[in-house]
There are 2 protein chains.
Amino acid sequence: MKDNNDMPGHLARRFQQIAVAVFLAEVGEAGFDLTPVQYAALATIKVNPGLDQVTLAGLIAYDRTTITGVVDRLVQKGLAERRASPRDRRARELEITDEGRRTLRKITPAVEAAQRLMLRGLSPKEGEELMRLLRKAIAAGNELSRAPLRNAQA
Amino acid sequence: MKDNNDMPGHLARRFQQIAVAVFLAEVGEAGFDLTPVQYAALATIKVNPGLDQVTLAGLIAYDRTTITGVVDRLVQKGLAERRASPRDRRARELEITDEGRRTLRKITPAVEAAQRLMLRGLSPKEGEELMRLLRKAIAAGNELSRAPLRNAQA
DNA sequence: TACTGATAGTCAGCATACTGAGCAATATCC
DNA sequence: GGATATTGCTCAGTATGCTGACTATCAGTA
């Protein structure tokens, strides 16, 4: 029997578990209540103002059915707004609010600290190498999940 | 603004997402309906017959509140049994069934194929290195999640 | 032995993720 | 122009994962 520690799937699950815990702890300590998923969505909305939900989902590789709830919570917290698109009445345009911008700014140090903390067992060089290998494996497997990464359209 | 691809947390989430999708696809194609989490639990029960739920949770780093539901589903599928422990009336002893053993045996090739597939973008050497770095990062962060890995007690 | 603390398990509640279905609106093709 | 396909979004249902609370039981100690 193969050991769990020889199964990339198990290691992936475990590393993610720690990454989320670290993120929530750091951000919580800074006085904010934002999940990793909500953070990524909000940051992406800020950089791509007016994007629709499908585009947002593609940019951060979320399932489109997951985005609905995530945006719901961002809107409910007053960090983002959802408007009907004038160009396509099916679509909703997303916009960050001033409050969302403030939150992003103040939360950034905690987010960066979390990223460092989840690699604390590795040397800087090893951390870089881990990220490189993850990027490479992800690129090769991108189409294998229901929610692949998609670049923004013009 | 840091790119998502420079955030280990985001890469962790993405790699895990692909790993789960690959696992479910391979196992589903083989004609089985078992999640990665259920597979790991069942395999661990097989190797440690009669273990209780807390020990099981520790061996695969699941939260104890998650184990309840996972075992529920294994029992419901007829793959495992839950008995009251004669030594400790709080505890439940877990046992794999014959059906569970059969399933494990038949599912193994698909599980192994999935592990290879999720590393398909990497050379064998790179795959080894990725696993080594993940193990190292996980070991350093083990206590940071609510569900750390625990070795079985004597 | 009675008290105190720890432990095994469950439950309610919330937030990802996914499958699959459905609705409304847009795009495409004849 | 009208049938058809596609797209954007939502919803119901299921499975992790977590927080926090609770019950029952056990273990250690005064």
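Labels below follow one simple rule: chain letters A, B, ... track the order of the sequence lines, proteins then strands, and each chain is numbered from 1.
D33(B) places its CG atom 13 Å from the P atom of dT19(C), with the value rounded to the nearest Å. Per the geometry, CD1 belonging to I67(A) stands 18 Å off P belonging to dT7(D), to the nearest Å. The interatomic distance linking R82(B) (CZ) with dA8(C) (P) rounds to 15 Å, in whole Å. R83(A) places its CZ atom 18 Å from the P atom of dG8(D), with the value rounded to the nearest Å. A straight line from CG of D52(A) to C1' of dA24(C) spans 15 Å, rounded to a whole angstrom. The distance between atom CD1 of I18(B) and atom C1' of dA17(C), rounded to the nearest whole Å, is 14 Å. In this structure, CG of D72(A) is placed 11 Å from C1' of dC11(D), rounded to the nearest angstrom. In this structure, CG of L56(A) is placed 17 Å from C1' of dT7(D), rounded to the nearest angstrom.
By the 4.0 Å N-to-carboxylate-O rule, E143(B) lies close enough to R150(B) to be salt-bridged with it. Between R102(B) and E99(B) there is a salt bridge, since a side-chain N of the basic residue sits under 4.0 Å from a carboxylate O of the acidic one. A salt bridge between R132(B) and E129(A) is absent, with no side-chain N of the basic residue lying under 4.0 Å from a carboxylate O of the acidic one.
Of all non-hydrogen atoms in L11(B) and I138(A), the two that sit nearest each other are O-CD1, 3.4 Å. In terms of heavy atoms, L34(A) sits closest to Y39(A) at CD2-CA, 4.0 Å. Considering every non-hydrogen atom in both G78(A) and T97(A), the closest pair reads O-OG1, 2.7 Å.
At the phosphate of dT10(D), OP1 or OP2 sits under 4.0 Å from a side-chain N or O atom of Q53(A).
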Considering only nitrogen or oxygen atoms on both sides, find all protein atoms under 3.5 Å from nucleotides 26-28 of chain C and state each distance.
| unit_1 | atom_1 | unit_2 | atom_2 | d |
| --- | --- | --- | --- | --- |
| dT26(C) | OP1 | R89(A) | N | 3.2 |

Exercise for the section: Given side chain to side chain donor-acceptor pair (under 3.5 Å), test S85(A) with D88(A) step by step and report yes or no. Expected result: CA-CA 5 Å; S85(A) 163; D88(A) 186 337; over 6 Å; no
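A salt bridge (charged side-chain N to carboxylate O under 4.0 Å, His left out) check over residues 57-79 of chain B, counting only residues at least two apart or in different chains, returns the pairs D33(B)-K77(B), D63(B)-R146(B), D72(B)-R82(B).
V70(A) places a side-chain heavy atom less than 4.5 Å from the side chain of Q38(A).
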Practice task
Sugar-phosphate atoms are those with a prime plus P, OP1 and OP2; base atoms are the rest. Using that split, label each nucleotide of nucleotides 15-20 of chain D B, S or - for protein heavy atoms under 4.0 Å, 5' to 3'.
Solution key: SSBBBB
